[in-house]
Amino acid sequence: IIAGGDDPTYALLAVGAAAAVVSVLLLLSEQSVLRSLLHVAVAAALLALSAIIGWVALFAWPWIGRGDLIRITPLLRFFRR
């Protein structure tokens with residue numbers, strides 16, 4: 001989609017909506033409400049952990065990357081469309 005010059009917004013929204021529907025269907029198929037809440041809590045904890053790791057890597061890049069700069073200009077241009 002991006003290589004063709006099109007806007008990937010609707011494709012990304014569709015993938016997110018499909019993932020949400022699958023997640024809800026999986027949670028509804030559980031026998032117990034408590035088990036469903038446990039699965040939601042575990043998923044939320046994993047997402048939070050991955051976000052924390054990403055931010056730590058971003059802030060620690062000058063030491064991890066041995067001074068190499070992170071080029072975020074293309075990423076910012078992508079999100080400003």
Side-chain angles (χ1 to χ4, degrees):
I1 294 174
I2 295 173
D6 295 330
D7 186 19
T9 302
Y10 295 117
L12 293 174
L13 286 173
V15 169
V21 168
V22 169
S23 298
V24 168
L25 290 176
L26 285 173
L27 287 174
L28 290 176
S29 69
E30 286 291 339
Q31 300 291 328
S32 168
V33 175
L34 291 176
R35 191 175 185 101
S36 294
L37 291 176
L38 175 68
H39 287 168
V40 169
V42 169
L46 289 174
L47 287 172
L49 182 65
S50 67
I52 290 169
I53 290 171
W55 278 105
V56 167
L58 180 65
F59 286 126
W61 185 256
W63 299 281
I64 295 171
R66 297 185 183 95
D68 293 337
L69 296 176
I70 299 176
R71 298 192 180 266
I72 60 169
T73 305
L75 184 63
L76 291 175
R77 285 185 189 148
F78 174 76
F79 284 120
R80 286 183 184 165
R81 290 187 196 185

Is there a side chain to side chain contact (heavy atoms under 4.5 Å, CB included) between Leu25 and Val21? Walk through the geometry before answering.
CA-CA 6 Å; Leu25 290 176; Val21 168; 4.0 Å; yes
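- Under a hydrophobic clustering in which Ile, Leu, Val, Met, Phe, Trp and Tyr are joined whenever their side-chain heavy atoms come within less than 4.5 Å, directly or via other members, Val22 and Leu13 fall into different clusters.
- Atom-to-atom distance recorded for Leu28:CG and Ser36:OG is 7.5 Å, nearest 0.5 angstrom.
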